[in-house]
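Let me begin by presenting the structure, written as structure tokens, before commenting on it.
In what follows, chains are A, B, ... by sequence order, proteins preceding strands, each numbered from 1.
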Amino acid sequence: MGESSDEGTDASVLESLSADRRNKRDALAREGIDPYPVRFDRTATAAELHRRHDGLDPDVRTGDQVRMAGRLTSIRGHGKLSFATLQDVTGSVQLLMQATTLTEQATAVLANLDLGDWVGAEGEAVTSRRGELSVDVTDLHLLSKALRPLPDKWHGLAATDTRYRQREIDLLANPESRRVFDIRFNTIASLRRQLVAEDFVEVDTPILQPQAGGALARPFLTHANALDIDLSLRIAPELYLKRLVVGGYERVFEIARNFRNEGVDTRHSPEFTALEAYRAFGDVHDGMDLTERLVIEAARSAAGRLTFTVGGRDVDLAGPWPRRPLLDWLEQVVGRRLHPSDPVEEVRAVCDAHGVGTLPEWGSGKLIFELYDTVLLPTVTDPVFVVGFPVEVSPLARHSKDDPMLADRFELAIDAKEFANGYSELNIPEEQQQRFVGQAEAVARGDLEAHPADLAFVRALEYGLPPTSGIGIGVDRLVMLIAEVEAIRDVILFPMMRPEASA
RNA sequence: GCGCCCCUAGCUCAACGGUAGAGCAGCAGAUUCUUAAUCUGCAGGUUCCUGGGUUCGAGUCCGGGGGGGCGCACCA
């Protein structure tokens with residue numbers, strides 16, 4: 001927001017609201033009540049209390065003495081009787097506070113309470129006359145003071161930049177935001193659980209790399225002072241993971257934060273999360289099988305269903321998902337069989353006819369890929385595996401046994417977006433070397449996104465990479481689908497933003 | 001990068017170019033069954049910043065700057 005806001009110059013209102021809260025805190029301290037106690041022993045969460053006592057008649061005393069802790073989200077003073085809502089990680093429970101039965105300390109704390117304060121409450125589980133499960137509080141502890149007022153309890157927090165910059169209050173004020181991130185973490189937990197169950201080992205590989213490989217993208221650059229060398233932030237963990245397979249880890253995966261120095265929009269974040277998994281002795285078909293299992297089970301586990309609606313479009317994840325050869329599908333749509341071996345001018349003409357923008361240095365394979373990306377992909381809603389991509393745009397994938405210009409590679413398309421990618425890994429060192437040379441020529445032509453030659457990787461292949469199936473899944477996009485949100489920023493806790501105005 | 005839109009009280013939002021308002025939150029009071037509690041009263045503002053003008057008058061219209069959103073292009 002405005003910027004003269006540091007230094008306390010804009011001050012007035014917020015300052016006085018905070019001053020009130022500060023004064024209450026200090027008042028308690030003067031009465032000998034520590035406003036920042038070091039610990040509190042909780043004996044029950046809100047969910048546990050509801051589990052134990054839901055369904056009781058009104059005005060019942062259970063005899064169950066509990067100590068609850070959480071944040072105060074609502075206070076309804078009623079003279080000598082007050083109601084409050086205490087919210088913890090599991091849910092919320094009502095506090096019922098009667099002046100006649102509160103301890104002296106509880107009375108003092110209650111008098112100096114504000115919305116947003118962390119409190120610990122001791123008392124008996126009862127139901128109110130209206131039948132709501134409540135804690136009939138006898139003692140009350142301030143656990144930490146909220147010196148700043150929370151957003152509107154009913155309308156929540158709507159200002160988008162505040163939601164992203166101060167995610168903590170977005171989570172506090174907007175249950176919807178909390179729901180989305182619960183789904184995110186459940187999704188990731190499910191992916192991890194499944195892979196571990198299938199004997200994959202979770203590993204971690206370098207984020208700072210001498211050269212960023214494993215994908216085609218512009219990297220972020222940085223510098224290591226100790227070695228006086230330039231480094232890139234990784235754009236994909238692929239090459240290191242395959243080196244681990246060379247080293248004998250037959251099944252590995254990494255849930256990797258990747259960094260790409262490219263556009264920021266609803267579907268792209270410079271910092272995003274990918275799952276990559278490699279499995280020795282498998283091929284591209286095993287990769288598709290694994291991808292389908294992982295995605296379906298993640299959706300079931302995190303959302304409890306397989307149908308989702310995003311932006312008015314219905315997506316059904318129920319399998320098995322169709323597998324469509326790219327060239328067949330393209331033929332149906334453009335009315336002509338294309339192949340990477342076709343003369344560039346002819347493929348380019350098809351691109352022109354379908355309004356696909358091209359660059360002069362692109363070969364037939366790249367042009368075919370662009371046709372897929374801009375003509376075919378946007379028509380997808382339910383999941384489809386597209387198989388058989390030009391080798392020209394797949395520098396790390398094995399060529400197909402019966403067509404050396406096509407790679408044994410799939411992309412998983414859902415809702416007009418690429419969700420996953422995978423292939424039979426190229427494990428022939430000389431061919432990998434040759435592919436890198438081809439990419440180097442692209443660099444020479446000015447292509448900023450060609451794959452750099454990685455000699456350490458080729459050397460690793462020379463020690464022998466077994467036949468290997470590899471997959472990569474875009475975790476953020478998967479979460480967007482399962483949580484039914486349209487902006488990638490809504491599934492990333494702290495998305496990249498310009499810094500707030502400096503003091 | 002280009003185009004369109006937005007920025008008003010702590011929060012959510014009003015104000016044909018005409019004295020900046022409401023709800024919630026806050027403060028004071030009433031209230032032992034509320035749960036968006038209710039009732040009475042009070043207070044709360046450099047309208048993101050900055051400069052100029054149609055002019056008597058700018059939150060509103062124009063220029064510059066800042067932040068954000070959406071769309072297009074590149075990308076996953």
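For B/U35, the base has no donor-acceptor partner in the side chain of A/Ser128 [N/O atoms by modelled type, under 3.5 angstrom]. For B/G26, the base has no donor-acceptor partner in the side chain of A/Asp114 [N/O atoms by modelled type, under 3.5 angstrom].
A salt bridge links A/Glu176 and A/Arg179; the closest N-O separation between the charged side-chain nitrogens and carboxylate oxygens is under 4.0 Å. A salt bridge between A/Asp476 and A/Arg184 is present, with a side-chain N of the basic residue lying under 4.0 Å from a carboxylate O of the acidic one.
Considering only side-chain N and O atoms, A/Thr162 lies nowhere under 4.0 angstrom from the phosphate OP1 or OP2 of B/G68. Phosphate contact (OP1/OP2 of B/A37, side-chain N/O of A/Ser74, threshold under 4.0 Å): present. Taking only side-chain nitrogens and oxygens, A/Arg165 never comes nearer than 4.0 Å to OP1 or OP2 of B/G67. Close to B/C24, at under 4.0 Å from its OP1 or OP2, lies no side-chain N or O of A/His155. Remark: A/Lys153 is in phosphate contact with B/A25, judged by side-chain N or O atoms under 4.0 Å from OP1 or OP2.
Taking the six-membered ring where the residue is Trp, the centroids of A/Tyr372 and A/Phe389 are separated by under 6.0 Å.
Pair assignment for B/U47 gives none, since no Watson-Crick or G-U wobble pairing has each distance under 3.5 Å. Pairing for B/C2 is with B/G71, a Watson-Crick or G-U wobble pair whose two hydrogen-bonding atom distances lie under 3.5 Å. Nucleotide B/G10: paired with B/C24 (Watson-Crick or G-U wobble, both distances less than 3.5 Å). With a cut-off of 3.5 Å on both Watson-Crick or G-U wobble distances, the partner of B/U55 is given as none. Judged by Watson-Crick or G-U wobble contacts below 3.5 Å, the nucleotide B/G29 has B/C39 as its partner.
Counting only heavy atoms from C-beta outward, the side chains of A/Leu239 and A/Leu396 approach each other to under 4.5 Å. A heavy-atom distance below 4.5 Å is found between the side chains of A/Leu294 and A/Leu275.
If you check every strand for non-hydrogen atoms under 4.0 Å, A/Phe272 touches a base. As judged by a 4.0 angstrom heavy-atom cut-off over every strand, A/Arg498 is placed among residues touching the sugar-phosphate backbone only. At the heavy-atom level, A/Glu418 lies under 4.0 Å from the strands shown only through sugar-phosphate atoms. A/Gly263 comes within contact range of at least one nucleobase, with a heavy-atom separation under 4.0 Å. Counting non-hydrogen atoms under 4.0 angstrom, A/Thr85 reaches nothing in the nucleic acid. Residue contacts for A/Thr100: at a heavy-atom cut-off of 4.0 Å it reaches a base atom on one of the strands shown. Within the nucleic acid shown, A/Gly77 comes within 4.0 Å of at least one base atom, counting heavy atoms only.
Looking at the side chain of A/Lys24, the nearest of the listed nucleotides B/U32, B/G26, B/C24 is B/G26. Minimum atom distance to the side chain of A/Gln98 is reached by B/U32, of the listed B/U32, B/A37, B/C27. Closest to the A/Pro149 side chain, of the nucleotides B/C11, B/G10, B/C70, is B/G10. Comparing atom distances between the A/Asp161 side chain and each of B/G67, B/A76, B/U12 picks out B/G67 as nearest. Among the nucleotides B/C33, B/G71, B/G26, the one closest to the side chain of A/Thr266 is B/G71. Comparing atom distances between the A/Ala487 side chain and each of B/A25, B/C70, B/A76 picks out B/C70 as nearest. Looking at the side chain of A/Glu132, the nearest of the listed nucleotides B/U32, B/U12, B/U35 is B/U35. Side-chain proximity of A/Gln94 to B/A76, B/U35, B/C33: nearest is B/U35.
In this structure, the CE atom of A/Met496 is 16 Å from the C1' atom of B/G68, given to the nearest Å. For the pair A/Asp373 CG and B/A76 C1', the interatomic distance rounds to 9 Å; values are reported in whole Å. As a whole-Å value, the separation of A/Leu157 CG from B/C7 C1' is 14 Å. Put simply, CG on A/Asn112 is 10 Å from P on B/A28, counting in whole angstrom units. As a whole-Å value, the separation of A/Glu370 CD from B/A73 P is 12 Å. Distance CH2 (A/Trp154) to P (B/A36): 6 Å, rounded to an integer number of Å. One atom, CG of A/Asp265, and another, C1' of B/G3, lie 15 Å apart when rounded to the nearest Å. Spacing between atom CD of A/Gln166 and atom C1' of B/G68 amounts to 14 Å, rounded to whole angstrom units.
Rounded to the nearest Å, the gap between the C1' atom of B/U40 and that of B/A15 is 27 Å. Separation of the C1' atoms belonging to B/G29 and B/A43 is 15 Å when rounded to the nearest angstrom. To the nearest whole angstrom, the two C1' atoms, one in B/A9 and one in B/A20, are 11 Å apart. For the P atoms, the distance from B/G10 to B/A73 is 41 Å, rounded to whole Å. Separating the C1' atom of B/C16 from that of B/G59 is a span of 14 Å, rounded to the nearest Å. Across the P atoms, B/C6 and B/G63 are found 13 Å apart, a figure rounded to whole Å. Comparing the C1' positions of B/C42 and B/U46 gives a spacing of 24 Å, expressed to the nearest Å. Nucleotides B/C7 and B/U12, compared at atom C1', are 14 Å apart to the nearest Å.
You cannot call A/Phe83 stacked on the base of B/A37; the centres under 5.5 Å and planes under 30° rule is not satisfied.
Note: A/His451 and A/Phe436 have parallel aromatic rings, judged against thresholds of 30 and 60 degrees for the angle between ring planes.
Here the straight-line distance linking atom CD of A/Gln209 with atom CG of A/Asp454 works out to 8.5 Å at 0.5 Å rounding.
A side-chain donor-acceptor contact under 3.5 Å links A/Ser469 to the backbone of A/Gly287.
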Apply salt bridge (Lys or Arg N to Asp or Glu O under 4.0 Å) to A/Arg323 and A/Asp289, showing your working.
CA-CA 11 Å; A/Arg323 304 180 178 191; A/Asp289 293 343; 2.7 Å; yes
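Between A/Lys80 and A/Ala159, it is A/Ala159 whose nearest contact on RNA chain B lies nearer the 5' terminus. Summary of the strand contacts: A/Glu271 and A/Arg21 both lie near RNA chain B, and taking for each the nucleotide with the nearest heavy atom, the more 5' one is attributed to A/Arg21.
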